[in-house]
Amino acid sequence: MAGRTLAANLGWAVMESWIAPGLPALPGRGQRLALYDSARRDVYPTGAGPAGSSTRGVEVDRRTVYVCGITPYDATHLGHAATMIAFDLVNRAWRDAGHEVAYVQNVTDIDDPLLERASRDHEDWMVLGMRETALYREDMEALRIVPPAHFVGAVESIPAIVTRVVELIERGAGYRIDDGSGDVYFDLTAAPRFGYESHLDRTAMLALAAERGGDPGRAGKRDPLDPPLWLGAREGEPAWDGGTLGPGRPGWHIECAVIAIDRLGSELDVQGGGNDLQFPHHECSAAHAEVLTGVEPFARHYVHAGMIGLNGEKMSKSKGNLVFVSRLRGDGVDPMAVRIALMSAHYREDRQWSDDLLKAGQLRLALWREAVSAPSGPSGMDLLAVVRAALAHDLDTPRALAAVDAWCEAALAGPGPDAQAPALMESTVDALLGVRL
Ligand code: 5CA
Ligand code: ZN
């Protein structure tokens with residue numbers, strides 16, 4: 001096979017995910033989930049078509065989601081947690097609606113930021129990546145995130161990526177820069193619909209590409225926006241055997257395109273991540289995948305979670321304004337209170353983390369825990385129906401949480417008609433919201 005590398009023959013470690021939380025069974029079925037699609041700019045039902053039908057032979061009762069995961073050069077912060085919780089709600093809602101879910105998440109375990117941090121701290125980049133990935137797994141487990149079926153590293157995917165980059169060159173969609181660097185770029189003219197996912201004008205695209213890891217100023221490119229597919233080996237940097245590409249390492253967007261199509265096929269129900277990935281990352285990944293498979297669109301829904309900020313700025317490793325999930329855990333904060341706090345606003349909203357938000361989450365958790373011990377309450381089936389309906393409409397967690405609060409207040413105010421309700425309320429918030437009381 002073209003691109004079978006020395007690294008693969010030596011056997012790079014394959015990523016392991018984490019232990020799954022228990023999912024209590026609920027009576028009945030959830031509704032069909034509708035989500036906002038960035039490409040179509042509105043809320044649409046997820047899935048291939050009307051219930052009972054299929055397009056291009058896709059099974060309607062299977063749902064596929066690819067979520068852009070961490071670059072492990074620092075610990076999981078609340079922004080990562082919020083994004084992973086949003087897609088966990090998607091996973092839970094689909095399962096509740098009776099779907100089989102195929103969920104893939106990547107780990108960008110080789111990229112510039114990882115090498116820069118390792119070099120700054122005089123550390124081995126691989127050990128750094130392994131340590132932060134291990135901590136991420138622990139954090140995900142503590143937050144009761146249902147693990148992806150495939151948790152896939154970039155490094156272990158290099159042979160597959162090499163094969164696909166060679167394929168893109170053969171199709172005339174990839175070209176080598178003739179300066180001895182060994183760098184290979186994607187030719188955007190191969191993707192005439194480029195821009196349909198993010199709707200930006202060229203000036204905005206150029207600015208965002210420069211800001212978010214791109215290299216519009218790189219000499220020798222056919223178009224400043226052309227993204228790298230393969231970076232030729234550099235002195236002092238790790239490199240892998242790229243077969244006819246020569247030694248080097250993969251570009252970022254091709255990593256996600258290849259992992260997604262190899263594990264999930266040529267069309268996804270959901271391509272997910274934070275809204276910082278809408279451009280250029282998801283636009284470029286979609287362009288790569290569409291040229292490789294000939295199927296458009298790559299994803300039926302491009303779903304973007306809002307940015308969590310601190311003190312008025314986006315929480316980001318490069319800015320250093322981070323609140324780590326592990327630090328909160330270390331301080332004895334219940335991860336369920338963190339989860340509630342992050343779900344108290346809508347997932348698409350850019351929002352700020354604060355001590356007050358956490359305190360409100362802790363109070364809510366205490367209220368729910370007190371109420372679940374009540375001997376009875378208002379109808380548990382009614383509460384389940386409201387929570388299901390709220391989540392089915394683009395994950396309306398503020399409405400779902402308010403319904404749980406109202407049930408709790410009523411249950412604590414005096415005896416209610418339903419003695420089964422406290423147990424059903426407990427399973428509802430566990431199965432659908434991921435909150436264990
Ligand atoms: N490895 C790439 C994706 S292929 C990456 O963006 N890694 S990351 O570590 O920077 O981010 C991991 C995930 O968390 C991505 O989906 C990203 O969009 C999301 N994310 C990053 N920062 C925030 C934030 N402040 N708020 C919400 N989500 C965030
Ligand atoms: Zn990605």
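For the numbers below, each heavy atom of this structure counts, side chains included, while hydrogens, waters and symmetry mates do not. Just so we're clear, the structure is a prediction, and the values are computed from it rather than from any experiment. All ligand and atom numbering here is 1-based and tracks the order in the structure.
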Checking H80 now: which residues fulfil ring-ring contact (aromatic ring centres under 6.0 Å, His included) with it, not counting sequence neighbours? H77
Ligand 1 contact on C256 by region, counting heavy-atom pairs under 4.0 Å: side chain
Which is closest to atom 17 (C) of ligand 1 in terms of heavy atoms, T76, D74, D276, T83? D276
Could you tell me whether some N/O pair between G79 and ligand 1 is separated by less than 3.5 angstrom? yes
Any sub-3.5 Å donor-acceptor pair from E132's side-chain atoms to Y73's backbone N or O? no
Distance from atom 10 (O) of ligand 1 to nearest protein heavy atom, with residue and atom: K317 NZ, 3.9 Å
Classify the contact between N106 and ligand 1 as side chain, backbone, both or neither, using a heavy-atom distance cut-off of under 4.0 Å. side chain
Would you mind listing which atoms of ligand 1 come within a distance below 4.0 Å of any non-hydrogen atom of G274? 16 (O), 17 (C), 18 (O)
Please tell me if the side chains of Y66 and V152 come closer than 4.5 Å, counting only heavy atoms from C-beta onward. no
Does an N or O from T108, backbone or side chain, lie closer than 3.5 Å to an N or O of ligand 1? yes
Salt-bridge criterion met for E141 and R137 (N-O under 4.0 Å): no
Per the side-chain hydrogen bond (donor to acceptor under 3.5 Å, both in side chains) rule, what does the pair list look like for residues 426-437, sequence neighbours excluded? none
May I ask you to say whether D355 pairs ionically with K359, meaning some side-chain N is under 4.0 Å from a carboxylate O? no
So, at under 2.8 Å, which protein N, O or S atoms would a careful student list around the Zn ion (ligand 2)? C68 SG, C256 SG, H281 NE2
Element-labelled atoms of ligand 1 that are located less than 4.0 Å from some non-hydrogen atom of G306: 26 (N), 27 (C)
Under 4.0 Å from a heavy atom of H281: give me the atoms of ligand 1 that qualify, with their elements. 4 (S)
Only heavy atoms count here, so choose which of G69, C68, A154 is nearest to atom 2 (C) of ligand 1. G69
Atom 6 (O) of ligand 1: which protein heavy atom is closest, and how many Å away? L277 CD2, 3.6 Å
When distances are taken from atom 25 (N) of ligand 1, the protein heavy atom at minimum range is M315 O, 2.9 Å
Under 4.0 Å between a side-chain nitrogen and a carboxylate oxygen: does that hold for R92 and D88? yes
Residues D405, R364: salt bridge by 4.0 Å N-O rule: yes
Ignoring hydrogens and geometry, is there a side-chain-to-backbone donor-acceptor pair from D350 to M307 under 3.5 Å? yes
Quick test of your reading of the model: are D183 and K221 salt-bridged, counting only N-O distances below 4.0 Å? no
Is the ring pair H253/H281 parallel, tilted or perpendicular, if the boundaries are 30 and 60 degrees? tilted
Flag the pair R193 and E290 as a salt bridge only when some basic side-chain nitrogen lies within less than 4.0 angstrom of an acidic carboxylate oxygen. no
Between R222 (side chain) and L188 (backbone), is there a donor-acceptor pair under 3.5 Å? no
Out of curiosity, is G309 lining ligand 1, as in a heavy atom under 4.0 Å away? no
Heavy-atom distance under 4.5 Å between the side chains of W407 and V386, does that happen here? no
Please confirm whether T71 comes within less than 3.5 Å of ligand 1 when only nitrogen or oxygen atoms on both sides are compared. yes
If you have a sec, work out which protein heavy atom is nearest atom 4 (S) of ligand 1 and how many Å separate them, to one decimal? W252 NE1, 3.1 Å
Taking only heavy atoms of G273, which atoms of ligand 1 are found under 4.0 Å from at least one of them? 16 (O)
Contacts of R249 meeting side chain to side chain donor-acceptor pair (under 3.5 Å) (sequence neighbours excluded), chain-then-number -> D112, E237
Can you pull out the closest protein heavy atom to atom 22 (N) of ligand 1? Residue, atom name and distance to 0.1 Å, please. H77 CE1, 3.6 Å
Write out the residue and atom name of the closest protein heavy atom to atom 26 (N) of ligand 1, then the distance separating them to 0.1 Å. I308 N, 2.9 Å
Side chain, backbone, both or neither: E255 near ligand 1, heavy atoms under 4.0 Å: neither
Using non-hydrogen atoms of the residue, decide whether A82 is closer than 4.0 angstrom to ligand 1. no
Among all the protein's non-hydrogen atoms, which is closest to atom 20 (N) of ligand 1, and how far away is it? H80 CD2, 4.1 Å
Do NZ/NE/NH1/NH2 and the carboxylate oxygens of R212 and D276 come within less than 4.0 Å? no
